[in-house]
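Predicted model, so just to flag it, every value in this text is computed and none were measured. Each chain gets a letter, A, B and so on, in the order its sequence line appears, and its residues count up from 1.
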Amino acid sequence: MASQERTARMEKIVALCKRRGFIFQSSEIYGGQNGFWDYGPLGVELKRNVRQAWWQDMVVANDPMLPDPVAPCGFNIVGIETSIIMHPQVWKVSGHYDLFADKMVDCREAKGRYRLDHMKGRWITGALAQKAAPEGSVPTPPNEVGDWYVTTMADGPEAGDALVKRACKLFGVKSNETHKLAWKSELSTLASVPLDKYDHVIGPDATGPGTLTEPRDFNLMMETNTGALQTAENKAFLRPETAQGMFVNFKNVCDSSRVRVPFGIAQIGKSFRNEITPRNFTFRSREFEQMEMEFFCAPAESPKWYSYWRDRRMKWYAALGIKSENLLLREHDKSELAHYSVGTADIEYAFPFLDEGEYGELEGVAHRGDFDLRSHSEGKLDKALNVELGPDGQPKYRGSGKDLSYFDDQTRERYVPHVIEPAAGCDRTTLAFLCEAYYEDEAPDDKGVMQTRVVLKLHPRLAPVKVAIFPLIKKDGQPEKALEIYKAFKDAGINAQYDAQAAIGKRYRRMDEIGTPWCITVDGQTMTDGTVTLRDRDTLEQIRIPASEVVDLIAKRLRA
RNA sequence: GCGGGUGUAACUCAGUUGGUAGAGUGUCAGCUUCCCAAGCUGAAUGUCGAGGGUUCGAAUCCCUUCACCCGCUCCA
């Protein structure tokens, strides 16, 4: 089975990550913490390199004076680093607060999950007609007269009728004798029922009472408190995305850094979400790192910029070694889009933990229109881009009241810029590079027995260790010469390792397994003519070059 | 959240009807070794996922719990 092969491959990658110190489970000695992961000595180098490659391409490489030939024009992108905890109003205006602030109850019998405030019901007195207690319920003596809370998920005017229907069935009353139903209360939501009465609640799809769990919060956002006192007033949230930090600093950046539209603000940082089901290694974590960029442009230019960023981001993954057959650009269907949006595309990777033909999201490139800047200015907008009003006719969530428009002194126009947002998951990207790099060779050993060689074919710029230096044998001055070369790499700021332990073949294999692209070996010939061998991880080929030139050569290859 | 599976050394795994743990790989040290998991000698390493119970005695039986994997469900 192809899927078993894929699972086995993924398990080997996870084992390698642990064995060689790329990724560990968080708090492992205490039994682990679901949805959280630690990066080990090699993993942290790999992840740093991913960040650095992103920052290089998204920030450092860009300048209005040096336009990318395929871009509409030249532009700047500046970096920023904003706090994880922001003013709580930020999340109300951004829409995150409303998105998932609901209490949910589960029904143990019907295996359903319901929003507490959507479940309507009425109290009624009577004897339940049911005989056997349903699965998951509180056992009830049959035909006992009591007070019950009958519920339904039916909405609006239908709710009352639906309850009558349900009650007839539950109490064995004929549908033309509904006057026999002894209602004790008007329609209310389950939120009005105290927890200690849940034994008497009959779920919308249950056949008996007491099958509902207590209401549980399903909050996307992690909560915390900012003062020593944990009161409702000082409740705060750990950011679920880094983007809002850039939107709320739009004016600061404009006023302080001589940028002109079009320009971008980029940020790399941690975000937090209470994922319901953390799964698939680091893919769905509750604490994760994002690499996001908000590109501000004139509304009329935004479709061109959207296409540009979507294509450019695809190229970035390819340039760092992701094969095109494992990468998918998935344009969202027009019906999935908010009407103001020109498009949203996901960049997806064929992770081995997914079935063949399935892809997991690495990055979303979204055209966000002026939704965010206008919301933070005027108040949270609804889908029609009007300020969403509360019952009192005032904005439901007030914006900052600050003017976040931009005056273009070339065209003499004032407008709220539109935003193109390429938002990548750093941990997912790191994981994708690991999965892509994992490779097994077979080669005979000196006894002719086939041996598996595990290689991480990481792009040299991503490899945690760039080069290893070995003395072929531990004498004749070879260790001393090798250490000298090793120090030259350290001095040049290139991450190198020295290893004199065990046979040369074993040392090469150790380096293959962690993805080190090059190994340099000092041998007998080095002592006479000053040359060393340079061995390539992928081709296994060796060339001889002067020891004095190796640092420059590797540095040059890393820049290429 | 539900159902199924798993959890023993750093990794992969063995461990009989209950009698307080083994292998291979890896790691480390020494010798050897002039290029792709070489050889010899030696060494270290386990709260048998955690907590509780039964028992004279638990890796093994029971309960609870945590984590991971698979399938549903849910979801940015």
Side-chain angles (χ1 to χ4, degrees), chain A residues 3-4 6-8 10-12 14-21 24-37 40 95-96 99-100 102 104-115 135-136 212-213 216 218-221 240-241 271 273-281 284 286 288 290 336 344 346 353-355 361 364 366 423 425 441-447 449-455 470-476 478 500-513 519-527 532-537 539-542 544:
Chain A
S3 73
Q4 277 174 354
R6 297 172 71 83
T7 302
M10 192 63 213
E11 281 170 1
K12 281 191 258 188
V14 173
L16 174 65
C17 283
K18 165 106 196 268
R19 183 158 42 87
R20 299 308 306 267
F24 308 123
Q25 197 181 3
S26 168
S27 317
E28 194 191 305
I29 62 169
Y30 285 104
Q33 178 77 356
N34 196 357
F36 297 87
W37 300 91
H96 290 86
L99 213 57
F100 225 142
D102 312 305
M104 312 282 279
V105 296
D106 290 340
C107 176
R108 286 182 281 254
E109 183 199 358
K111 312 288 187 202
R113 176 169 288 167
Y114 314 97
R115 272 181 64 165
E135 181 194 348
L212 297 181
T213 61
R216 280 174 288 214
F218 270 68
N219 286 329
L220 160 78
M221 290 194 288
E241 62 173 32
S271 293
R273 292 183 196 177
N274 277 319
E275 299 287 353
I276 294 175
T277 323
R279 274 277 166 96
N280 293 327
F281 204 28
R284 177 163 282 122
R286 288 177 167 152
F288 59 101
Q290 293 188 295
E336 292 178 71
T344 296
D346 287 345
F353 52 75
L354 300 170
D355 286 338
E361 183 182 344
D441 263 337
E442 285 223 322
D445 64 14
D446 66 333
K447 297 190 206 79
V449 181
M450 292 305 278
Q451 297 287 347
T452 303
R453 180 179 80 123
V454 174
V455 196
F470 308 142
L472 186 59
I473 57 170
K474 267 193 277 188
K475 58 183 181 187
D476 301 338
Q478 290 181 17
Q501 202 78 257
I504 189 71
K506 192 173 284 186
R507 282 179 267 165
Y508 285 141
R509 297 299 177 91
R510 276 201 282 250
M511 286 299 143
D512 291 340
E513 204 179 36
C519 294
I520 289 164
T521 301
V522 170
D523 59 12
Q525 194 180 330
T526 309
M527 312 319 283
V532 292
T533 63
L534 178 69
R535 178 255 196 191
D536 184 276
R537 175 193 69 198
T539 65
L540 304 180
E541 281 168 11
Q542 293 187 37
R544 284 206 85 88

NA contact type, [X], heavy-atom cut-off 4.0 Å: base, sugar-phosphate, or nothing?
X        : value
A/Glu241 : nothing
A/Asp512 : nothing
A/Gly40  : nothing

Nearest-angstrom distance, [atom1] atom, [N] to [M]:
N      : M      : atom1 : value
B/rC56 : B/rG51 : C1'   : 23 Å
B/rG26 : B/rC11 : C1'   : 7 Å
B/rC68 : B/rU12 : P     : 16 Å
B/rG42 : B/rG49 : P     : 32 Å
B/rA59 : B/rG52 : P     : 14 Å
B/rA14 : B/rU8  : P     : 10 Å
B/rU47 : B/rU41 : C1'   : 33 Å
B/rC13 : B/rU55 : P     : 36 Å

task = Might you work through the salt bridge (Lys or Arg N to Asp or Glu O under 4.0 Å) test for A/Arg544 and A/Asp523, ending with a clear yes or no?
result = CA-CA 11 Å; A/Arg544 284 206 85 88; A/Asp523 59 12; 2.9 Å; yes

Measure the shortest side-chain to side-chain distance between [X] and [Y] over non-hydrogen atoms and say whether it is less than 4.5 angstrom.
X        : Y        : result
A/Thr526 : A/Gln478 : no
A/Gln290 : A/Glu241 : yes
A/Asp476 : A/Met527 : no

Looking only at heavy atoms, what is the nearest atom pair of [X] and [Y], with distance?
X        : Y        : result
A/Val532 : A/Thr521 : CB-O, 3.5 Å
A/Leu354 : A/Arg6   : O-NE, 2.8 Å
A/Pro471 : A/Ala500 : CG-CB, 3.8 Å

ask   = Considering only B/rU12, B/rG26, B/rC35, which nucleotide approaches the side chain of A/Ala15 most closely?
value =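 The closest nucleotide is B/rU12.
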
ask   = Which nucleotide in the list B/rC34, B/rA76, B/rC36 gets nearest to the side chain of A/Asp476?
value =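 Taking heavy atoms from C-beta onward, the closest nucleotide is B/rC34.
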
Are any protein N/O atoms closer than 3.5 Å to N/O atoms in nucleotides 69-72 of chain B? If there are, list each pair with its distance.
{"from": "B/rC69", "atom 1": "OP1", "to": "A/Phe281", "atom 2": "N", "distance (Å)": "3.2"}
{"from": "B/rC70", "atom 1": "N4", "to": "A/Arg279", "atom 2": "NH2", "distance (Å)": "3.1"}
{"from": "B/rG71", "atom 1": "O6", "to": "A/Arg279", "atom 2": "NH2", "distance (Å)": "3.2"}

request  = Not counting sequence neighbours, which residues clear ring pair (Phe, Tyr, Trp, His ring centres under 6.0 Å) with A/Phe288? List them please.
outcome  =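 Testing A/Phe288 for ring pair (Phe, Tyr, Trp, His ring centres under 6.0 Å), a comparison that skips the adjacent residues, returns none.
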
Name all residues meeting the side chain to side chain contact (heavy atoms under 4.5 Å, CB included) criterion together with [X]; count only those two or more places apart in sequence or in a different chain, and write none if there are none.
X        : result
A/Gln542 : A/Tyr508, A/Thr533, A/Arg535
A/Ala502 : A/Lys506, A/Arg510
A/Ser26  : A/Gln33, A/Phe36, A/Asp38

Write down the distance between [atom1] ([X]) and [atom2] ([N]), rounded to a whole number of angstrom.
X        : N      : atom1 : atom2 : answer
A/Gln25  : B/rC66 : CD    : P     : 14 Å
A/Leu16  : B/rU12 : CG    : P     : 11 Å
A/Lys506 : B/rU27 : NZ    : C1'   : 10 Å
A/Arg535 : B/rA37 : CZ    : P     : 10 Å
A/Gln33  : B/rU65 : CD    : P     : 17 Å
A/Met221 : B/rC75 : CE    : P     : 17 Å
A/Phe36  : B/rC68 : CZ    : C1'   : 16 Å
A/Leu534 : B/rC35 : CG    : C1'   : 13 Å

query = 5'-most contact on RNA chain B: A/Gly35 or A/Arg544, nearest heavy atom basis?
reply =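 So the residue in question is A/Arg544.
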
key: A/Thr533 or A/Glu28, whichever maps to the more 5' nucleotide of RNA chain B   =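 Checking each residue's closest nucleotide, the 5'-ward one belongs to A/Glu28.
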
Between the protein and nucleotides 28-33 of chain B, list every N/O to N/O distance that falls short of 3.5 Å.
{"from": "B/rA29", "atom 1": "OP2", "to": "A/Gln501", "atom 2": "OE1", "distance (Å)": "2.7"}
{"from": "B/rA29", "atom 1": "OP2", "to": "A/Gln501", "atom 2": "NE2", "distance (Å)": "2.6"}
{"from": "B/rU33", "atom 1": "OP2", "to": "A/Lys475", "atom 2": "NZ", "distance (Å)": "3.2"}
{"from": "B/rU33", "atom 1": "O4", "to": "A/Lys474", "atom 2": "N", "distance (Å)": "3.3"}

request  = Enumerate, in order of first residue number, the stems that involve RNA chain B, defined as 3 or more consecutive Watson-Crick or G-U wobble pairs with both distances under 3.5 Å.
outcome  =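 Looking at RNA chain B, the stems formed by three or more consecutive pairs are B:1-7 with B:66-72, B:10-13 with B:22-25, B:27-31 with B:39-43, B:49-53 with B:61-65.
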
Set of side chain to side chain donor-acceptor pair (under 3.5 Å) partners for [X], sequence neighbours left out:
X        : result
A/Lys12  : A/Glu440
A/Glu28  : A/Lys18
A/Glu513 : A/Arg19, A/Arg20
A/Asn34  : none

message = Any side-chain to backbone donor/acceptor pair from A/Arg273 onto A/Arg284? Under 3.5 Å, distance only.
response =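 Absent.
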
ask   = For A/Asn34 and B/rC66, is the shortest distance between a side-chain N/O and OP1 or OP2 below 4.0 Å?
value =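 For A/Asn34, the contact criterion (side-chain N or O under 4.0 Å from OP1 or OP2 of B/rC66) is not met.
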
Contact pattern, 5' to 3', of nucleotides 4-10 of chain B - B, S or - by protein heavy atom under 4.0 Å = ------S

